[in-house]
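The next block holds one structure in the form of structure tokens; read it before the comments.
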Amino acid sequence: MKKILMGVLCLSTLLCGCTKNKDIQIDDKKVGQVKLKFDHIVGAKKLVLNDGTYSNNSNETFNIYILKYFVSNIKFTKTNGEVFTIPKEESFFLINASQSESLQPTLNIPEGEYQTLEFNLGVDSLTNTLPVEKRAGVLDVATNGMYWDWNSGYIHFKIEGTSAASPNASKSYKYHIGFFGGYETRTVNNNRVIKIDLTKAGISKVQENLSSDIHLMVDIGKVFDGPNSMSIATTPMVMHSGPHSDIADNYATMFTHDHTHNFQKIANNEK
């Protein structure tokens with residue numbers, strides 16, 4: 001019995017010795033990397049553009065062939081309550097499900113332990129009203145198909161697909177959600193602020209020359225089955241009219257923190 005107990009104790013000691021327990025020394029004058037990984041799902045299924053078939057709570061089957069949305073105005077809150085805001089000019093990303101490289105935005109932030117991630121889904125009013133010549137990269141109004149020339153504003157969120165439930169001859173559905181508050185005439189604002197608590201599934205521990213990878217599950221099914229039920233048969237197209245704010249309230253609920261991988265090596269092409 002004593003031999004068995006000693007063996008268990010030795011095994012326990014060995015396992016504990018193999019456990020990764022990295023105490024970090026924080027120097028907020030140094031900078032590390034954070035990578036946001038957006039993994040798209042629809043309910044319990046992985047999103048597969050064009051080929052995947054999904055269903056909503058209205059018992060409608062559908063597929064998705066376009067999915068794009070803006071992520072911007074990113075902030076991180078440390079465990080001591082200190083907030084770090086990504087400089088605005090570095091804080092705009094277009095997540096495009098058809099482009100894998102867009103699904104992992106990379107940011108540089110001061111070393112530290114961060115418990116909250118916050119970002120805006122959409123493009124804020126100040127950016128929407130900048131002179132067009134000052135909008136570069138993903139904000140270039142001539143690219144990406146995410147700008148309404150006729151309404152002078154960005155499309156925050158775009159989803160398109162087909163469904164047998166659609167009354168359209170092409171069986172298509174399209175939800176293009178814009179509106180930022182308006183220029184001279186007041187409109188609704190369909191920007192939504194997303195706040196994610198990292199403490200339950202792993203805070204972000206940022207260290208110089210290493211990456212903290214925050215994995216987010218994004219359930220696109222919430223577009224139809226969020227706080228507001230959306231039926232494709234009833235509402236196959238939403239743009240400047242229709243329940244666009246209801247859909248905005250729905251897409252605000254898509255994001256869940258799955259886990260965080262800290263102390264990841266940075267590939268040479270990321271440096």
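- Put simply, the side chain of Tyr65 does not reach to within 4.5 Å of the side chain of Leu49, judged on heavy atoms.
- Atom CD1 of residue Ile247 and atom NE2 of residue His176 lie 10.5 Å apart, to the nearest 0.5 angstrom.
- Tracing side-chain contacts under 4.5 Å through hydrophobic residues (I, L, V, M, F, W, Y), one never reaches Val48 starting from Ile41; they form parts of separate clusters.
- The hydrophobic clustering, which links ILVMFWY residues whose side-chain heavy atoms are closer than 4.5 Å, places Val193 and Leu126 apart.
- Listed by first and then second residue, the ring pair (Phe, Tyr, Trp, His ring centres under 6.0 Å) pairs involving residues 81-111 amount to none (not counting sequence neighbours).
- From Lys205, atom NZ reaches atom CD of Glu113 across 5.0 Å, with rounding to the nearest 0.5 Å.
- Residues Ser102 and Gln99 come closest through the heavy atom pair OG-O, 2.8 Å.
- Counting only residues at least two apart or on different chains, the side-chain hydrogen bond (donor to acceptor under 3.5 Å, both in side chains) pairs with a member in residues 73-85 are Asn73-Lys88, Asn73-Asp124.
- The structure places OG1 of Thr162 at 11.0 Å from CG of Asn168, a figure rounded to the nearest 0.5 Å.
- With rounding to the nearest 0.5 Å, the separation of CG in Asn189 from CG in Asn191 is 4.5 Å.
- Under a 3.5 Å cut-off, the side chain of Asn128 and the backbone N or O of Phe180 do not form any donor-acceptor pair.
- Here the closest non-hydrogen pair linking Gly122 and Ser72 is O-OG, 2.7 Å.
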Enumerate, atom names and distances included, each donor-acceptor pair closer than 3.5 Å involving a side-chain atom of residues 138-145, sequence neighbours excluded.
residue, atom, partner, partner atom, Å
Asp140, OD1, Ala142, N, 2.9
Thr143, OG1, Asp140, O, 3.2
Asn144, ND2, Val138, O, 3.0

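- The list of salt bridge (Lys or Arg N to Asp or Glu O under 4.0 Å) pairs with a residue in residues 170-182, not counting sequence neighbours, is empty.
- When side chains are defined from C-beta on, Phe76 does not count as touching Val206, because their heavy atoms never get closer than 4.5 Å.
- Listed here is the closest heavy atom pair of Ser170 and Ser172: OG-OG, 2.9 Å.
- Taken to the nearest 0.5 Å, the OG atom of Ser98 stands 12.5 Å off from the CD1 atom of Ile64.
- Summarising the geometry, atom CD1 belonging to Ile74 is positioned 10.5 Å from atom CD belonging to Glu90; distances are rounded to the nearest 0.5 Å.
- Contact check for Glu111 versus Asp28: no side-chain heavy atoms found under the 4.5 Å cut-off.
- Remark: Glu89 pairs with Pro87 by the side-chain contact (heavy atoms from CB on, under 4.5 Å) rule, at least two apart or across chains.
- Judged as a ring pair (Phe, Tyr, Trp, His ring centres under 6.0 Å), the pairs with a partner in residues 186-232 (not counting sequence neighbours) are, in order, Phe62-Phe224, Tyr173-Phe224, Tyr175-Phe224, His215-His259, His215-His261.
- If you chain together ILVMFWY residues whose side-chain heavy atoms come under 4.5 Å of each other, Leu130 ends up in a group of its own.
- Heavy-atom minimum distance, Gln264 versus Asn262: NE2-O, 3.0 Å.
- Among residues two or more places apart in sequence or in another chain, the side chain to side chain donor-acceptor pair (under 3.5 Å) test is passed with Thr235 by none.
- With hydrophobic clusters built from ILVMFWY side chains whose heavy atoms lie under 4.5 angstrom apart, Val83 does not share a cluster with Tyr114.
- Under the 4.5 Å side-chain heavy-atom criterion for grouping Ile, Leu, Val, Met, Phe, Trp and Tyr, Met217 is not connected to Ile194 through any hydrophobic cluster.
- Glu60 contributes a side-chain N or O that, together with a main-chain N or O of Ile232, makes up a donor-acceptor pair within less than 3.5 Å.
- Within the structure, salt bridge (Lys or Arg N to Asp or Glu O under 4.0 Å) contacts touching residues 209-231 (residues at least two apart or in different chains) are Lys37-Asp213.
- With a 4.5 Å cut-off on side-chain heavy atoms, Met230 and Asn56 do not count as touching.
- One side chain, Gln33 or Ser211, offers a donor N or O that lies under 3.5 Å from an acceptor on the other.
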For a side chain to side chain donor-acceptor pair (under 3.5 Å) check, start with the C-alpha distance between Thr199 and Asp197, then their side-chain angles and the critical distance, and finish with the verdict. CA-CA 6 Å; Thr199 59; Asp197 180 5; 2.6 Å; yes
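- When side chains are defined from C-beta on, Ile95 counts as touching Pro105, because their heavy atoms get closer than 4.5 Å.
- At least one side-chain heavy atom of Leu121 sits less than 4.5 Å from a side-chain heavy atom of Met254.
- One hydrophobic cluster holds both Leu103 and Val218 under the rule that ILVMFWY side chains link at heavy-atom gaps under 4.5 Å.
- With sequence neighbours excluded, the residues that form a side-chain contact (heavy atoms from CB on, under 4.5 Å) with Asn190 are His156, Ile177, Phe179, Val188, Arg192, His244, Ser245, Ala248, Tyr251.
- Ile66 is linked by a side-chain contact (heavy atoms from CB on, under 4.5 Å) to Lys68, Lys158, Glu160, counting only residues two or more places apart in sequence or in another chain.
- The nearest pair of heavy atoms linking Ser231 to Ser58 is CB-OG, 3.9 Å.
- Counting heavy atoms from C-beta outward, Ile220 and Tyr54 have side chains that stay 4.5 Å or more apart.
- Within the 4.5 Å cutoff, the side chain of Ile196 has no heavy atoms near those of the Ile214 side chain.
- Applying the side-chain hydrogen bond (donor to acceptor under 3.5 Å, both in side chains) test to residues at least two apart or on different chains, the pairs with a partner in residues 38-53 are His40-Tyr69.
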